[in-house]
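Single-structure report; data block below.
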Amino acid sequence: MARSSKLSGFPEWLPAGQVVEQLVLDTARRVFELHGFAGLETRSVEPLETMLRKGEIDKEVYVLRRLHAAQSEADPGLGLHFDLTVPFARYVLEHAGQLEFPFRRYQIQKVWRGERPQEGRFREFTQADIDVVGRDALSFHHEVEMAVVMSSVLADLPIPPAVIQVNNRKLAEGFYRGVGAPDAASVLRAIDKLDKIGAEGVARLLETDAGLSASAAETCLRMASIRTVDDSFADAVMSLGVADPMMDEGVAELAAVVTGANARRPGSVVADLRIARGLDYYTGTVYETQLVGHESVGSIASGGRYDSLASDGRQTYPGVGISLGVTRLVSILLGRDLVEVSRSVPSAVLVAVVDEDARADSEIVASRLRARGIPCEVAPAADKFGKQIRHADRRGIPFVWFPDVAGDTVKDIRTGDQVSAEADSWSPHISDLHPTVTPSSSQEARP
RNA sequence: GUGGGUGUAGCUCAGCUGGCAGAGCGCCGCGUUGUGGUCGCGGAUGUCGCGGGUUCAAGUCCCGUCACUCACCCCA
């Protein structure tokens with residue numbers, strides 16, 4: 001087969017990497033379902049007007065075209081979805097009559113963005129999304145719940161600590177309006193660069209791009225530098241002397257999210273007033289998540305509250321959601337050697353083959369093990385036992401089974417222990433039954 | 001889309017002012033003739049990204065092109 005060069009932005013893992021990704025997916029699904037979210041999948045394509053409804057022309061959408069479409073044929077106007085929130089909003093509108101509100105769903109699917117790839121940035125990647133959508137109204141406590149659920153997922157994974165940073169769009173927009181900013185979005189955009197270009201760079205941007213006075217820029221910078229683990233950020237904001245009713249509302253909401261989430265999962269959330277997130281449809285709480293020690297890669301889970309992403313004219317469907325960047329997270333774990341995978345194959349046991357005429361005996365052993373839920377495979381060739389053991393060793397398979405008319409034996413090739421065994425009763429230790437993913441020593445060494 | 005960097009063995013890379021394509025790791029074999037790993041010995045492996053140019057001679061110099069990569073933009 002001709003060798004295909006790898007395509008930038010379309011990651012493909014080796015088997016061990018796939019084990020890591022599968023663990024993330026399994027964990028997300030388990031925790032989501034534990035919290036009562038129903039699994040859902042939407043089609044991969046949406047009409048372009050659906051995706052770009054909010055005027056986000058700048059999205060780099062991959063469009064769909066039939067290879068044999070005639071020149072004269074009208075453009076179907078379909079594109080691969082770039083997130084899961086917009087398709088979900090469309091789904092809610094279409095099925096509103098058959099859904100119960102507030103509607104809770106999780107959705108784990110690939111999404112596509114035609115942007116230039118970089119570390120942690122891909123053109124095809126998987127998101128694990130949860131949203132709660134109400135009809136006309138949605139209780140505020142769901143904005144606490146999103147942080148709690150995502151924090152639970154992250155805490156159940158063998159990864160460095162993750163901190164969900166929360167801000168509130170009303171707080172930010174109200175504050176910027178209060179200091180006389182003509183365009184809140186451009187202020188947000190500038191503030192968002194604080195990590196990259198520093199306070200002086202942001203101050204310059206605020207004056208040139210966002211049209212702020214030097215003193216207003218200074219005030220915004222002081223606001224953006226506020227970061228607290230409790231609701232004390234509120235006093236810090238008030239001390240800046242900016243007054244705006246929308247801001248007050250945002251302060252109260254943010255305080256409720258931070259105290260609420262930390263009451264249930266201590267240390268899971270911080271109020272960070274520099275967080276901009278999604279300059280598009282978010283209207284209240286916004287979330288962003290950093291992996292401690294790996295902040296430069298960007299957020300691994302983001303989302304927020306949106307008041308009117310979906311509306312059929314008579315009713316609106318406000319929602320709140322958060323999305324785990326599965327591919328980004330896995331790429332950090334693999335690229336920075338943060339995890340160790342016990343083996344690259346599911347098999348706990350390699351059943352040796354004495355000679356090709358006796359392969360059926362080995363297959364019978366394998367069937368008996370499988371009947372009891374023990375993943376195993378039969379050696380591909382009746383090589384010398386040394387080679388068969390090496391075959392297992394290379395893949396990380398911990399046990400090799402030797403069929404023998406005088407009585408089978410099974411060898412733990414890590415310790416060299418070899419014992420008599422019956423295929424109908426022997427079991428590996430539970431920790432050896434499936435591949436495991438553990439924090440690597442380099443991760444533990446991290447402070 | 002804009003700007004920088006890099007393309008040589010499966011992987012990581014060396015290869016000077018142009019002169020027989022290399023190392024380490026990995027892989028295969030043997031020592032050890034049906035129980036791996038360590039050790040020793042031996043072995044195989046290349047479209048030097050691609051195309052053109054200069055030259056007696058190009059991995060090396062020149063032009064073009066493609067890919068990858070980093071940054072900007074933006075984002076999971």
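This is a predicted model, so every value here is computed, not measured. Only heavy atoms go into these numbers, but all of them, side chains included; no hydrogens, no water, no symmetry mates. Chain A is the first sequence line, chain B the second, and so forth, proteins listed ahead of strands; every chain is numbered from 1.
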Measure all distances between protein nitrogen or oxygen atoms and nitrogen or oxygen atoms of nucleotides 1-5 of chain B, and list the pairs falling under 3.5 Å.
{"residue": "B:rU2", "atom": "O4", "partner": "A:R116", "partner atom": "NE", "Å": "3.4"}

- Item | Phosphate-side-chain proximity, A:K384 and B:rU32, N/O vs OP1/OP2 below 4.0 Å | no
- Task: Verify the contact: side-chain N or O of A:R394 to OP1 or OP2 of B:rC28, cut-off strictly under 4.0 Å; return yes or no.
- Result: yes
- Quick one: do A:R370 and A:E377 make a salt bridge, cutoff under 4.0 Å? no
- Item | Gap in Å between the two P atoms, one belonging to B:rU60 and one to B:rG15, rounded | 14 Å
- Could you let me know what B:rU65 is paired to, Watson-Crick or G-U wobble, both distances under 3.5 Å, or none if it's on its own? B:rG49
- Provide the distance between the two P atoms, one in B:rC48 and one in B:rC11, to the nearest whole Å. 15 Å
- Query: Are A:Q388 and A:H391 linked by a side-chain donor-acceptor pair shorter than 3.5 Å?
  - Reply: no
- Message: Roughly how many Å apart are B:rU32 and B:rG37, using the C1' atom of each and rounding to a whole number?
- Response: 14 Å
- Message: When the C1' atoms of B:rG43 and B:rA58 are compared, how many Å lie between them, rounded to an integer?
- Response: 31 Å
- Please report, rounded to the nearest Å, how far the P atom of B:rC74 is from the CG atom of A:D209. 10 Å
- Task: Would you indicate, yes or no, if B:rA71 has its OP1 or OP2 atom less than 4.0 angstrom from a side-chain nitrogen or oxygen of A:Q118?
- Result: yes
- Side-chain N or O of A:R121 closer than 4.0 Å to phosphate OP1/OP2 of B:rC73: no
- What does A:V354 touch in the nucleic acid at a heavy-atom separation under 4.0 angstrom: a base, only the sugar-phosphate, or nothing? base
- A:R305 to A:Y282, cation-pi by 6.0 Å centre distance and 45° axis angle: no
- Could you state the CD-P distance from A:E12 to B:rC68, rounded to the nearest angstrom? 12 Å
- Would you mind pulling out the nucleotide paired to B:rG26, Watson-Crick or G-U wobble, both distances under 3.5 Å? none
- The nucleotide from B:rG29, B:rC74, B:rG36 with an atom nearest the side chain of A:D393 is B:rG36
- Query: Reckon A:K193 touches a base, only the sugar-phosphate, or nothing at all at heavy-atom distances under 4.0 Å?
  - Reply: sugar-phosphate
- Message: Just the rounded figure in Å: distance from P of B:rG36 to CZ of A:R390.
- Response: 10 Å
- Query: If you measure from the Lys or Arg side-chain nitrogens to the Asp or Glu carboxylate oxygens, is any gap between A:E115 and A:R123 under 4.0 Å?
  - Reply: no
- Message: Using a 4.0 Å heavy-atom cut-off, does A:G303 contact any base of the nucleic acid, only the sugar-phosphate backbone, or nothing at all?
- Response: nothing
- Looking across every strand, which nucleic acid part, if any, lies under 4.0 Å from A:V330 by heavy atom: base, sugar-phosphate, or nothing? nothing
- Task: Establish, with yes or no, whether the OP1 or OP2 oxygen of B:rG29 is under 4.0 angstrom from a side-chain nitrogen or oxygen of A:K387.
- Result: yes
- Item | Proximity of A:F399 and A:W426 rings by center, below 6.0 Å | yes
- Would you classify A:G298 as touching base, sugar-phosphate or nothing, given that sugar-phosphate means primed atoms plus P, OP1 and OP2, and contacts are heavy atoms under 4.0 Å? nothing
- Query: Hey, is A:R414 close enough to A:D432 for a salt bridge, meaning N to O under 4.0 Å?
  - Reply: yes
- Message: Among A:R29, A:R104, A:R105, which residue satisfies the salt bridge (charged side-chain N to carboxylate O under 4.0 Å, His left out) criterion with A:D129?
- Response: A:R105
- Query: Are A:S8 and B:rU69 close enough that a side-chain N or O sits under 4.0 Å from OP1 or OP2?
  - Reply: yes
- Quick one: does A:Q418 reach the base of B:rU35 with a side-chain donor-acceptor pair under 3.5 Å? yes
- Could you check how far CD of A:E115 sits from P of B:rA71, rounded to whole Å? 14 Å
- Message: Suppose we call two aromatic rings close when their centres sit under 6.0 Å apart. Are A:Y106 and A:F37 close by that rule?
- Response: no
- When the P atoms of B:rA71 and B:rC56 are considered, how many whole Å apart are they? 46 Å
- Message: For the P atoms, the ones on B:rG4 and on B:rA14, what distance do you get once it is rounded to whole angstrom?
- Response: 22 Å
- Would you classify A:I413 as touching base, sugar-phosphate or nothing, given that sugar-phosphate means primed atoms plus P, OP1 and OP2, and contacts are heavy atoms under 4.0 Å? base
- Message: I'd like the P distance from B:rG7 over to B:rG49, given in whole Å.
- Response: 8 Å
- Item | Ion pair check, A:R113 and A:D83, cut-off under 4.0 Å | no
- Mind checking who B:rG1 pairs with, Watson-Crick or G-U wobble, both distances under 3.5 Å? B:rC72
- Return the value, rounded to whole Å, for the distance between atom CZ of A:F399 and atom C1' of B:rG36. 16 Å
- Distance between the P atoms of B:rC75 and B:rU12, in whole angstroms? 33 Å
